[in-house]
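Keep in mind the model is a prediction, meaning the values are calculated, not measured.
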Amino acid sequence: MFAGRNNGRPRRCIFYILAFLFSQFLFILIFLRSESFDNVPFRQQIKHDNDSWDHYLDWREFISYTSERSAKFYLYNLNLSNTLGVIRKLPSTRHYSCGYRPRKLPPPSKANVSVVISFHNEARSMLLRTIVSLLARTPEDHLHELILVDDGSQDVTLLNDLRRWMGGVFGARHRLGLQFLANRERMGLIWSRNRGASLASGHYVLFLDSHCEVNEGWLEPLLERLALNPQLAVSPVLDPIDPLTLAYRKGNELLKGGFDWSLHFHWLRRQLAEKELPEMPFKSPAFAGGILMMSREWFLKLGGFNSYLKIWGGESIELATKLWLCGGQIEIVPCSRIGHIFRRRHAFDFPPQSDAQETYLHVRLI
Ligand code: UDP
Ligand code: MN
């Protein structure tokens, strides 16, 4: 009797080992399938109503038309950017509770967004990743339109190639409006964003830079806050993307935006109140950079960005001041994360003999 029992043991052992190996194999298979998302050509990842790809310009082909420039031109790693693909997996940088907390979102018929991206001499691959991350990680129903403003880029075929590429990839998303605008000459960021907003028709307008990657679930926490107060303007926490390694890091949710008497922007450390958690939305004197979202109507009622400001700078501080004076409020929402390349210097020119600060303080322009 005992001998019979002992004979069964090795067989049971083998069975358990095989079952263990099989479950490991299954686990690896599932893992590989989810990882391979980033390697699949983008057109297979987006749902389509029609399967016609006649006008499709492959994204590799689109990038291959990037004009020859030295690394100094862009001030980030162009070669690496060109090899990263149109979308990549990003680390989740927000607090884990942000993902599972149920959100009270208004219906899309009452809360949709026009995204305005103005760009001047942005590398094609970088701009593409900004757009694709946005389209892939934004709930379709809440994304009303995308307004692209080419602000006098030297790459003169960029906008048209972009139109061809996007028509092929996103043409079947009937709800998504696309506007491709080209300024006749370089007008600067402020003028271009005002132009985009004046042509927008969504409930909200979001201003986004052309070297960003939006992270999962970035929009919902912003919409939730805006639904509570129509005079609010919100910013995500910006996660820094390293210009050299393009590594995506976690941004600090304990910093708010401020400025000094020379209208220089500063990050300020904030103190948490009792029972306040770092992931809760918080008030800020100024925006965290130039990426912000608010009601389009409210933005236009405030006069948009001050049109006397030229090229770059000062506009978000000026908008913040108008908001304060007119009963508005700025909030930064740590459950919303957008990656942004922070460069040490500006990659573009300012008017002759002026730097950024002299330009927005009008030292030489008036
Ligand atoms: N930009 C523009 N016209 C200009 C200067 C900048 O359209 O004359 C764009 C730029 O390509 C970027 C956005 O405005 O998408 C913000 O500029 P930048 O990233 O240099 O500002 P920062 O992030 O340094 O505040
Ligand atoms: Mn930027």
Side-chain angles (χ1 to χ4, degrees), residues 37-38 42-43 45-48 59 62-63 81 84-94 105 108 111-119 122-150 158-159 162-163 165-181 192-193 196-197 199-223 226 234-239 241 246 248 251 288-294 296 333 335-341:
F37 177 87
D38 294 344
F42 189 69
R43 63 171 167 168
Q45 296 160 22
I46 300 286
K47 276 186 261 115
H48 280 273
W59 64 266
F62 173 83
I63 289 175
S81 171
L84 275 185
V86 284
I87 190 158
R88 59 174 169 161
K89 210 177 188 101
L90 299 178
S92 176
T93 47
R94 60 186 188 171
L105 284 189
N112 61 27
V113 187
S114 295
V115 179
V116 176
I117 304 178
S118 169
F119 51 93
E122 196 67 75
R124 286 179 171 226
S125 53
M126 196 58 82
L127 179 58
L128 217 55
R129 243 187 332 277
T130 305
I131 295 171
V132 172
S133 71
L134 180 79
L135 295 177
R137 298 194 178 115
T138 307
E140 223 176 298
D141 291 351
H142 287 284
L143 185 61
H144 177 66
E145 66 184 333
L146 179 56
I147 302 177
L148 296 161
V149 189
D150 183 350
L158 169 64
L159 198 67
L162 204 54
R163 196 196 310 260
W165 179 76
M166 292 193 67
V169 178
F170 300 107
R173 274 175 71 159
H174 302 299
R175 253 188 297 247
L176 179 69
L178 290 173
Q179 296 196 46
F180 298 87
L181 311 173
S192 308
R193 286 188 167 180
L199 296 170
S201 53
H203 301 104
Y204 298 114
V205 60
L206 168 85
F207 299 103
L208 190 63
D209 281 12
S210 45
H211 35 253
C212 290
E213 283 170 81
V214 308
N215 211 327
E216 289 298 342
W218 71 277
L219 180 64
E220 294 87 333
L222 298 181
L223 283 179
L226 288 172
V234 289
S235 262
V237 167
L238 297 181
D239 287 330
I241 302 177
L246 300 187
Y248 187 104
I291 296 170
L292 60 105
M293 182 164 135
M294 61 193 287
R296 181 183 55 87
V333 186
C335 279
S336 171
R337 299 278 168 162
I338 295 188
H340 169 262
I341 298 212

Compare every heavy atom of Val205 with every heavy atom of Ala197, then report the nearest pair and how far apart it is. CB-CG2, 4.3 Å
Inter-residue atom distance Phe180.CZ - Leu158.CG, 0.5 Å rounding: 10.5 Å
Can you check whether Phe62's main-chain N or O pairs, donor with acceptor, with Arg124's side chain at less than 3.5 Å? yes
Between Pro221 and Val333, which heavy-atom pair has the shortest distance, and what is it? CB-CG1, 3.8 Å
Test item: Arg94 side-chain N/O and Val237 main-chain N/O as donor-acceptor pair under 3.5 Å: no
So, for Pro139 and Glu220, which heavy atoms are closest and what is the spacing to 0.1 Å? CG-OE2, 3.4 Å
Over all atoms of both residues, closest heavy-atom pair of Val214 and Ser133: N-OG, 3.0 Å
side-chain contact (heavy atoms from CB on, under 4.5 Å) against Ser81, all qualifying residues, sequence neighbours excluded: Ser125, Met126, Arg129, Leu246
Report yes if the side chains of Pro236 and Leu238 come closer than 4.5 Å at any heavy-atom pair, otherwise no. yes
I'd like to know if the side chain of Ser235 and the backbone of Ile291 have a donor-acceptor N/O pair within less than 3.5 Å. yes
Do Leu162 and Asp150 make a side-chain contact, defined as non-hydrogen atoms from C-beta onward lying under 4.5 Å apart? no
Side chains of Met293 and Val115 in contact at under 4.5 Å (non-hydrogen atoms): no
Do His340 and His211 have side chains that approach each other closer than 4.5 Å (heavy atoms only, starting at C-beta)? yes
Taking ring-ring contact (aromatic ring centres under 6.0 Å, His included) as the test, write out the residues that go with His144, two or more places apart. none
Supply the atom-to-atom distance Leu206 CG to Leu219 CG, rounded to the nearest 0.5 angstrom. 8.0 Å
On a heavy-atom basis, which atom in Ile241 and which in Gly339 lie closest, and how many Å separate them? CD1-C, 3.7 Å
Any Leu181 side-chain heavy atom under 4.5 Å of Leu159 side chain: no
Please list, chain by chain and in numerical order, all residues satisfying disulfide bond (SG atoms under 2.5 Å apart) with Cys335, sequence neighbours excluded. Cys98
Donor-acceptor contact present, side-chain Thr138 to main-chain Leu135, <3.5 Å: no
So Arg175 and Asn112, do their side chains get closer than 4.5 Å, heavy atoms only? no
Donor-acceptor pair, Ser118 side chain versus Arg193 backbone, under 3.5 Å? no
Any donor-acceptor N/O pair, Thr130 side chain to Cys212 backbone, under 3.5 Å: yes
Test side-chain contact (heavy atoms from CB on, under 4.5 Å) applied to Ile338 and Asn215, Leu208, Asp239, the passing residue: Leu208
Quick one: does Ser114's side chain have a donor or acceptor within less than 3.5 Å of a partner on Glu145's backbone? no
Looking at Glu213 and Arg137, is there a salt bridge between them, counting it only when a charged N and a carboxylate O are closer than 4.0 Å? no
